[in-house]
Amino acid sequence: MRIATWNVNSIRQRLDSLQAWLKERAPDIVCLQEIKCQDHDFPREPLEALGYNVAVHGQKTFNGVALLSKLPFDEVAPGLIGDDGDVQARFLEALVSTKTGVVRVVSLYLPNGNPAPGDKYDYKLRWMDRLIAFAADRLRLEEPLVLAGDYNVIPTPLDAKRPEAWVNDALFLPQTREKFRALANLGFTDAIRAVSDDGGLYSFWDYQAGAWQKNDGIRIDHLMLSPRATDKLVDAGIDKHVRSWDKPSDHVPVWVDLAIEGR
DNA sequence: ATGACCCTCAAGGAGGGA
């Protein structure tokens, strides 16, 4: 089973690229972020035509997450526990059944948090605490669980071309990285780091300042695997070439292959 | 080089992103 995550930066602007990439990579489950539309504006039909079931947690203009799955959804639940007043659409959880058992998947869009310090950074840190609480709860189920999405976290200096440029940024501040480690320390494995210790593995290049041409990137899109998912890990990768396509998102897809029979 | 983007929307600049 192949599970992927991609911050598309507007689903309506990226539909052609998404369709092309789905045909090329053939993922079983896809976690999308920054769809930037309401549920009724999500282009369900062309994605269903490619064989995907579609679940959407949208929001006008900003944020918005979705899930695509070749397998039908047994359960779908929008929203992250811990703050009933949070109206930002950043979290969508689903359960699917395979021949050998269930797989639980979350598409998440963690707040950027800039400028830091400030209200936005406080929201980011609280959101990370809520994610840790959610993850700790779900771990008790002992299921294969994949927490996939745009974390807006640069985990280590190896994950940026110019780490010195990010030292005061909400994506790389010590508290941000501490909370990311706290999530990992619950027992979650960063899929990309499980298969490679290399530098130069990036998932985002800014549109500005020729960042892509200079390979001035950062790795902020992650697939975090529960122990039961890590047991099944076969491979993981980043589809860097997608950044060179026409009208690209500033993020590229990241994927993991698990030894679980899909479809 | 103090420069270089892209997306959304009660639609012209403003706000958000990272």
Side-chain angles (χ1 to χ4, degrees), chain A residues 5-19 21 31-43 56-66 86-91 107-128 131 148-177 179-180 192 200-222 238 240 242-254:
Chain A
T5 181
W6 191 8
N7 179 324
V8 290
N9 186 15
S10 168
I11 188 66
R12 290 176 289 188
Q13 293 295 323
R14 223 63 62 202
L15 182 57
D16 290 349
S17 293
L18 176 59
Q19 290 171 299
W21 172 76
C31 304
L32 300 172
Q33 301 87 36
E34 282 207 89
I35 61 171
K36 294 188 173 178
C37 69
Q38 297 176 84
D39 293 10
H40 59 77
D41 288 322
F42 190 91
V56 183
H57 180 38
Q59 179 180 341
K60 190 175 183 176
T61 311
F62 308 121
N63 310 318
V65 289
D86 186 354
V87 297
Q88 300 191 32
R90 297 178 173 275
F91 189 95
S107 178
L108 68 90
Y109 176 43
L110 210 148
N112 173 308
N114 282 306
D119 291 348
K120 292 188 172 179
Y121 193 55
D122 293 343
Y123 174 62
K124 177 177 194 152
L125 294 176
R126 285 199 310 273
W127 207 96
M128 294 184 85
L131 178 62
D150 176 359
Y151 280 72
N152 274 314
V153 175
I154 303 167
T156 76
L158 201 62
D159 299 307
K161 175 70 171 285
R162 296 184 303 124
E164 69 280 4
W166 299 93
V167 290
N168 294 315
D169 193 284
L171 279 62
F172 194 56
L173 283 171
Q175 277 186 91
T176 304
R177 295 163 58 193
K179 290 198 187 293
F180 186 79
I192 289 293
L201 300 176
Y202 309 133
S203 65
F204 170 92
W205 296 259
D206 200 292
Y207 288 120
Q208 301 186 65
W212 168 244
Q213 287 72 18
K214 294 187 280 195
N215 194 30
D216 184 6
I218 51 178
R219 194 176 69 92
I220 57 176
D221 299 271
H222 309 299
I238 301 177
K240 181 177 181 178
V242 173
R243 188 63 175 77
S244 69
W245 289 0
D246 284 344
K247 248 180 52 163
S249 170
D250 37 9
H251 299 249
V252 297
V254 184

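Every chain is numbered from 1, with letters handed out A, B, ... down the list of sequences.
In this structure, A/Lys120 reaches the B/dG17 phosphate: one of its side-chain N or O atoms is under 4.0 Å from OP1 or OP2. Side-chain N/O atoms of A/Lys124 include none lying less than 4.0 angstrom from OP1 or OP2 on B/dG17. Distances shown here put a side-chain N or O of A/His251 below 4.0 Å from the OP1 or OP2 atom of B/dA18. Note on A/Ser10: a side-chain N or O is less than 4.0 Å away from OP1 or OP2 of B/dT8. Contact annotation: A/Asn114 does not reach the phosphate of B/dA18 (side-chain N/O to OP1 or OP2, under 4.0 Å). A sub-4.0 Å separation between OP1 or OP2 of B/dA18 and a side-chain N or O of A/Asn152 is present. In this structure, A/Gln13 reaches the B/dT8 phosphate: one of its side-chain N or O atoms is under 4.0 Å from OP1 or OP2.
Here the side chain of A/Trp6 pairs a donor or acceptor atom with the backbone of A/His251 at under 3.5 angstrom. No side-chain donor-acceptor contact under 3.5 Å links A/Arg219 to the backbone of A/Ser203.
When distances run from any side-chain atom of A/Gln208 to the nucleotides B/dC5, B/dC7, B/dT8, the shortest one goes to B/dC5. Looking at the side chain of A/Arg12, the nearest of the listed nucleotides B/dA4, B/dT8, B/dA18 is B/dT8. Among the nucleotides B/dA18, B/dA4, B/dC7, the one closest to any side-chain atom of A/Asn7 is B/dA18. Nearest to the side-chain atoms of A/Tyr109 among the listed nucleotides B/dC9, B/dA4, B/dA18 stands B/dA18. Here B/dA18 is the nucleotide among B/dG16, B/dA18, B/dA4 with the atom lying nearest to any side-chain atom of A/Asp150. Side-chain proximity of A/Tyr207 to the nucleotides B/dC5, B/dT8, B/dA10 is greatest for B/dC5.
Within 4.0 Å (heavy atoms only), A/Asn112 reaches at least one base atom of the nucleic acid. Across all strands shown, A/Asp250 has no heavy atoms under 4.0 Å from either base or sugar-phosphate atoms.
Here B/dG16 presents its C1' atom at 9 Å from CG of A/Asn63, a figure rounded to the nearest Å. Between the P atom of B/dT8 and the CG atom of A/Asp41 lies a distance of 11 Å, rounded to the nearest Å. Taking atom CG on A/Asp216 and atom P on B/dA18, their separation rounds to 16 Å, with Å as the unit. Atom CG of A/Asp119 and atom P of B/dG15 are 16 Å apart (whole Å). One can place CD of A/Glu34 at 11 Å from P of B/dC7, the figure rounded to the nearest angstrom. Taking atom CZ of residue A/Phe42 and atom P of nucleotide B/dT8, one finds them 14 Å apart after rounding to whole Å. In this structure, A/Asp221 places its CG atom 11 Å from C1' of B/dA18, rounding to the nearest Å. Summarising the geometry, the separation between CD on A/Gln59 and C1' on B/dT8 is reported as 12 Å, rounded to the nearest angstrom.
If you take atom C1' in B/dT2 and the same atom in B/dC7, they sit 26 Å apart, rounded to whole Å. One C1' atom belongs to B/dA10, the other to B/dC6, and the distance between them is 22 Å to the nearest Å. Spacing of P atoms, B/dT8 relative to B/dA18, comes out at 14 Å, to the nearest Å.
Both A/Phe62 and A/Lys247 lie near DNA chain B, and the one whose nearest nucleotide falls closer to the 5' end is A/Lys247. Looking at which nucleotide of DNA chain B each of A/Ile35 and A/Trp166 is closest to, the 5′-most match is held by A/Ile35.
The shortest distance between side-chain heavy atoms of A/Leu15 and A/Val8 does not fall below 4.5 Å. For the pair A/Gln33 and A/Ser249, the minimum side-chain heavy-atom distance is 4.5 Å or more.
Residues A/Trp245 and A/Trp21 place their aromatic rings such that the two centres sit no closer than 6.0 Å.
Taking the six-membered ring where the residue is Trp, A/Phe180 and A/His222 present tilted rings, their angle falling between 30° and 60°.
One distance of note links CG of A/Asp150 with CG of A/Leu32; it measures 12.0 Å at 0.5 Å rounding.
No donor-acceptor contact under 3.5 Å links the side chain of A/Asp169 to the base of B/dA18.
Under the 90° criterion around 0 for the glycosidic angle, B/dA10 counts as syn.
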